[in-house]
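This report concerns only the one structure given below.
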Amino acid sequence: MIFPQPIKETYKEGSYTLSIRPTDEALMTLYGMYKEGNEDLSLHHDLTLGEDAYTLTVTGEGIALAYGTESGKFRAIASLRQLFHAYGDKLPYCEICDAPQFERRGYMLDISSARIPKLETLKRLVDLLAELKYNELQLYMESFCYKFPHFPEVTEGFDCLTPEDMMDLDAYCAERFIDLVPNQNCFGHMAVWLAKKEFAHLGVGDETHRTGTLNILLSETEEFVEKLFDSVLPYFRSKYVNIGLDEAYGLGKYQLEQICREKGKTEVFMWWLGKLSEMIKRKYGKTVMFWSDMVYEAKEAFHLIPEGAIALNWGYDLIETALSDRRCAYLEEKKIPFYICPGVSAWNGFTGRFDLMTFNLRTSAEFGANHGARGYLLTDWGEHGYHGSYPVFSLVPIALAAQYAWNTGEYQDGYRMKHPLTEAAQKYIDEYVFAGKCASHFHYKLAQTYLLEPRRIHCSSVCGYAFNLKLSERIVPGFVDLNNEDPFYFENIVFYLERILADLEKCDFDETYRRQTILGAKFYLLGAELCIVRIHASASAEKIDRLVALIDEILPEHKELWLRDNFENGIQSSVKILERHREELLAMKGTL
C-alpha cells in the first residue's frame with residue numbers, strides 16, 4: 001500500500017474515522033496540520049528511532065505516530081498522506097514500522113546541458129522528491145546555467161538561475177527536509193568555459209585539440225576555481241559540495257604529461273582533490289564529494305583521499321553496473337565513505353531504456369547495501385544536442401529509485417527481478433502524478449524501443465546518437481556503420497512507434513506530460529526515419545515531404561513545451577539540428 005514499501009506494514013480489520021478530514025492532500029499542508037498532533041493524531045518522541053525512522057499505528061483510539069527526529073515525523077506524514085488518498089476519512093487499523101536503507105537518498109539533475117529549468121519547475125520537482133522520501137537534491141553545473149557573481153560576463157544577455165533563486169530553492173528544500181547540495185565541476189567537463197577567449201589559456205591541450213580539462217598546474221587556474229566556488233557556495237546551507245572531477249581526459253596529456261609521468265596520474269589527481277578539499281573546508285566548512293571514476297582501480301592510493309571526502313561510484317550500463325560491486329568493495333575495504341550512483345537511463349535516447357534502467361537501479365542498490373554505502377544518488381544527465389528526452393521519461397525511474405534508496409527489498413533471485421517494486425513505482429506515478437490515469441505503461445513501451453535497434457551502445461540509443469549527425473554521415477563513431485546495417489530494424493521501430501502514438505492520441509492524462517510523451521515518441525520516430533534515409537542515401541519525394549511535415553510538427557511543440565518549464569537559452573542547439581535536417585531533406589528532394 002505505502003510507497004516506497006515500508007519495512008513492515010500490517011493491516012487489520014476495523015477502521016478509524018477521522019474527526020477532522022483534511023481537505024487538501026498536499027504534503028506540506030498535512031505536515032502543518034499534524035506536526036504538533038491533534039485530536040486524531042498523537043505524537044511520541046522515541047529516541048531509539050534513528051534519522052527518518054518512524055512508526056504509524058491506527059487503532060480505534062486514533063493515529064499514533066512515533067518518531068526520533070523531526071524528519072522522521074515528516075516521512076511518517078508522507079506515508080499518512082497515502083492512507084488518506086486511498087481510504088479517505090476511514091483509515092484501516094494498521095501498523096507501519098519504517099526506516100531508510102540508505103542515510104542519504106538523492107537525485108541529481110543536470111541543469112548544464114542546454115535545458116535550464118526555471119525556479120518554479122525545480123520546486124515542483126522538490127515536492128515530488130519530498131513525497132517519495134528523498135532527502136538530497138543536487139543540481140549539476142558545468143556550463144553557463146547560473147549567474148556567477150564573479151563572472152557576470154558569461155551570462156550577459158540571457159536569463160538563467162540566479163544566486164537568489166538558489167537561496168530560495170535551498171529554503172524550499174529545507175522546509176521539506178531535503179539537503180540542496182551544490183554541484184560544480186572543476187577539472188574535466190570544463191569545455192564550455194575553456195571555449196571562452198578569456199579562459200582558453202587555462203585548458204589542457206593545444207590549438208588543434210582541446211580536452212575540456214583544466215590545467216591544474218597554473219596558479220591562475222587555482223584563482224579561477226576559487227572564484228567559481230566563491231560564486232556558488234555562499235548561497236547553499238548544505239555542509240557538502242560535489243566538486244565533480246570526473247572524466248578529466250586531459251590528465252597525463254599535453255601540459256600535464258610531464259608531471260604525470262614523474263608522479264603518476266593518480267598522485268596528481270589526489271593532489272588536486274586535496275587542494276580543493278582543503279580550500280573549501282577552510283573557507284566554507286564544507287566536505288567535498290567527488291566522482292571516483294578517475295581512481296576506481298587505484299585502491300593503493302585511497303589513503304590520499306582527504307579525510308571525510310565522499311567518493312561517488314557511478315555506473316550506468318551493464319558492464320559498469322557489474323563492475324560497481326568490485327569498486328564498492330574497494331571503498332568499503334579502505335573505509336572511504338561513498339555513494340552508489342545509478343542513472344535514469346533517459347539521456348541520449350529520446351524515451352529512455354527501461355530494462356537497463358531497472359537493472360541498474362536495483363543492482364546498484366544491492367551493491368551499495370552490501371558494502372555499506374552511505375548514500376544512493378540517482379543521476380539524470382542532460383544532452384548537448386537534440387534534447388528530445390523530456391522530463392516525463394524520468395518519472396518512473398525517480399519513483400523506483402526512491403523505493404530502492406528507502407527499502408532495497410529482498411535480494412533479487414535472478415528470475416523475478418523485483419518486478420512488483422517496478423510495478424508499484426509505475427502505479428505511484430499513475431496515481432499521484434497522472435491523477436489516477438494509467439499512462440505509465442506508455443513510458444514502459446516507449447522506453448523499450450531501443451531493444452529494436454541493431455546494436456546496443458553506451459549511454460544512448462543508435463537513433464539518438466545518430467540524430468546529431470548530418471544526413472551525409474552514416475557512421476556513428478565507435479558504434480555503428482549504417483552503410484552496413486539492414487533498414488529492417490529501423491522500419492520495425494517506425495511501425496512500433498506509430499502504433500504507440502495512435503494509442504497515445506486516445507489516452508487522456510496530465511496535459512503537459514502527455515504532450516511531452518508524444519513529442520518524445522515523435523523525436524524517436526524521426527530519428528529512426530533519418531537512419532533509414534542514411535542507409536539508402538536517398539528517399540522518395542513523398543517520404544521527404546512526410547518527414548519535413550513531421551519536423552514542422554515537432555519544432556513548434558518542442559519550443560512551446562520547452563518554454564513552459566525552462567529558460568529560453570539552450571533550446572537553440574536542438575532547434576538548429578531540426579532545421580538542419582529539414583534543409584538537408586529539401587536539398588535531397590531537389591536532386592531527384
Salt bridge or not between [X] and [Y]? Use side-chain N to carboxylate O under 4.0 Å.
X	Y	value
K196	E153	no
D165	K147	no
R115	D565	no
E485	R474	no
R582	D552	yes

Holding to side chain to side chain donor-acceptor pair (under 3.5 Å), I want the full list of residues that pass it with [X], two or more places apart in sequence or in another chain.
X	value
S231	none
S461	none
Y339	R104, E136
R105	D52

Between [X] and [Y] (side chain of the first, backbone of the second, donor and acceptor by atom type, cut-off under 3.5 Å), is there such a pair?
X	Y	answer
E103	R374	no
R237	D179	no
D246	W291	no

- Message: Using the ring centroid of each side chain, check whether F151 and F199 are separated by less than 6.0 Å.
- Response: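 F151 vs F199: aromatic centres under 6.0 Å.
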
- Verify the ring-centre separation between W347 and Y316: is it less than 6.0 angstrom?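 Between Y316 and W347, the centre distance is under 6.0 Å.
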
- Set of residues satisfying salt bridge (charged side-chain N to carboxylate O under 4.0 Å, His left out) with respect to R580, sequence neighbours excluded: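 For R580 the salt bridge (charged side-chain N to carboxylate O under 4.0 Å, His left out) partners, ignoring immediate neighbours, are E584.
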
- Query: For F350, which residues count as a ring pair (Phe, Tyr, Trp, His ring centres under 6.0 Å) partner, sequence neighbours excluded?
  - Reply: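 In terms of ring pair (Phe, Tyr, Trp, His ring centres under 6.0 Å), with neighbours along the sequence ignored, F350 is linked to Y386, F467, Y524.
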
- Message: Do V232 and L228 have side chains that approach each other closer than 4.5 Å (heavy atoms only, starting at C-beta)?
- Response: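 No - every pair of side-chain heavy atoms lies 4.5 Å or more apart.
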
- Are R176 and Y172 in a cation-pi contact, defined as NZ or CZ under 6.0 Å from the six-membered ring centre and within 45° of the axis?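 Yes, R176 and Y172 form such a contact.
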
- May I ask you to check if K227 and F148 form a cation-pi contact, with NZ or CZ under 6.0 angstrom from the six-membered ring centre and within 45° of the axis?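 No.
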
- Message: Once rounded to the nearest 0.5 Å, what's the spacing between atom CG of L331 and atom CD1 of I310?
- Response: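 So the CG of L331 and the CD1 of I310 are separated by 12.0 Å.
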
- Message: Using 30° and 60° as the class boundaries, would you call the ring planes of F269 and F290 parallel, tilted or perpendicular?
- Response: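 F269 and F290: tilted rings.
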
